[in-house]
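Accompanying notes for the structure given below.
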Amino acid sequence: MLHIRCPYCQELRSEEEFSNAGEAHIRRPPDPAALSDAEWGDYLHFRKNPRGPHREIWVHTAGCRRYFNVLRDTVSYEILEVYPAGVPDPDAPGEPTP
């Protein structure tokens with residue numbers, strides 16, 4: 001079982017209080033209307049599924065109900081980092097703040 005520290009509540013809680021909302025830091029296409037159906041389908045449905053560290057969005061569903069980002073190792077399930085939503089991807093140099 002995972003133990004996750006919510007960056008807003010600052011409490012270490014059981015994973016049962018949280019829900020995974022998918023991959024973090026996915027950029028919306030600047031002009032969705034210009035995409036083909038295949039490109040739009042790729043944006044909506046295809047996500048990375050790496051072996052090792054992976055950035056995800058989680059929500060504290062049984063707590064403050066706020067979304068935040070987690071860097072989790074998909075092999076060991078170890079939580080490597082937790083940080084608030086809206087923070088740019090630390091692995092993407094020069095990424096502007098949304």
Side-chain angles (χ1 to χ4, degrees):
M1 172 177 295
L2 294 174
H3 288 89
I4 303 169
R5 183 175 306 280
C6 174
Y8 303 106
C9 301
Q10 294 298 318
E11 295 180 16
L12 189 63
R13 309 298 293 183
S14 167
E15 74 176 294
E16 296 167 338
E17 288 194 14
F18 301 89
S19 297
N20 185 313
E23 185 178 341
H25 304 292
I26 297 172
R27 292 178 162 264
R28 183 175 175 87
D31 185 9
L35 298 178
S36 69
D37 287 345
E39 291 169 325
W40 184 246
D42 286 350
Y43 164 72
L44 290 176
H45 302 290
F46 287 101
R47 298 291 178 252
K48 297 175 188 169
N49 189 16
R51 183 174 173 85
H54 181 60
R55 295 196 183 274
E56 303 169 329
I57 302 169
W58 286 70
V59 61
H60 195 174
T61 50
C64 65
R65 296 185 167 187
R66 295 179 73 181
Y67 285 83
F68 59 95
N69 295 314
V70 171
L71 176 62
R72 181 178 67 88
D73 189 307
T74 60
V75 176
S76 68
Y77 291 92
E78 180 183 4
I79 302 289
L80 304 171
E81 182 180 4
V82 176
Y83 55 99
V87 173
D89 183 351
D91 296 331
E95 180 178 297
T97 303

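What you are looking at is a predicted structure, and each value in this text was computed from that prediction instead of being measured. Starting from 1, each residue takes its place in the sequence as its number.
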*P29 and L35: which non-hydrogen atoms are nearest, and at how many Å?*
CG-CD1, 3.5 Å
*Do L2 and R72 come within less than 4.5 Å of each other through their side chains, counting heavy atoms only?*
yes
_Atom pair SG (C64) and CZ (R13), whose distance is rounded to the nearest 0.5 Å_ = 11.0 Å
*Is the closest side-chain heavy-atom distance between Y43 and P32 below 4.5 Å?*
no
_Return the OG to CZ distance between S19 and R65, rounded to the nearest 0.5 Å._
10.5 Å
*Decide whether Y77 and L80 are clustered together by the hydrophobic rule: side chain heavy atoms of Ile, Leu, Val, Met, Phe, Trp, Tyr closer than 4.5 Å, transitively.*
no
*Is there a side-chain contact between M1 and S14, using heavy atoms and a 4.5 Å cut-off?*
yes
*Answer yes if I79 and F18 sit in the same cluster of Ile, Leu, Val, Met, Phe, Trp and Tyr residues linked by side chain heavy atoms under 4.5 Å apart, and no otherwise.*
yes
*List the atom of E39, the atom of A34, and the distance in Å for their closest heavy-atom pair.*
OE1-O, 4.4 Å
*Can you get from L71 to W58 by hopping between Ile, Leu, Val, Met, Phe, Trp and Tyr side chains that sit under 4.5 Å apart?*
no
*4.5 Å side-chain heavy-atom contact, R55 and N69*: no
*Using the rule that two of Ile, Leu, Val, Met, Phe, Trp, Tyr join whenever any of their side-chain heavy atoms come within less than 4.5 Å, decide whether Y8 and V59 are in one cluster.*
no
*Do Q10 and R5 touch side chain to side chain, with heavy atoms closer than 4.5 Å?*
yes
*Could you grab the distance from atom CG of D73 to atom NE2 of H54, nearest 0.5 Å is fine?*
11.5 Å
_If you define the side chain from C-beta out and look only at heavy atoms, does anything of I26 sit under 4.5 Å from R47?_
yes
*Decide if atom CG of D31 counts as having more than 12 heavy atoms of other residues, nucleotides or ligands within a radius under 6.0 Å.*
yes
_L44 CG to R28 CZ distance, which is reported to the nearest 0.5 Å_ = 8.5 Å
_From CD1 (I57) to CD (E23), nearest 0.5 Å_ = 8.5 Å
*Can you see which heavy atom on P53 is nearest to which on P50, and at what distance?*
O-CG, 4.0 Å
*What class does the angle between the rings of H25 and Y83 fall in, given that below 30° is parallel, 30 to 60° is tilted and above 60° is perpendicular?*
parallel
*Can you measure from CD (E78) to NE2 (H3) and round to the nearest 0.5 angstrom?*
14.0 Å
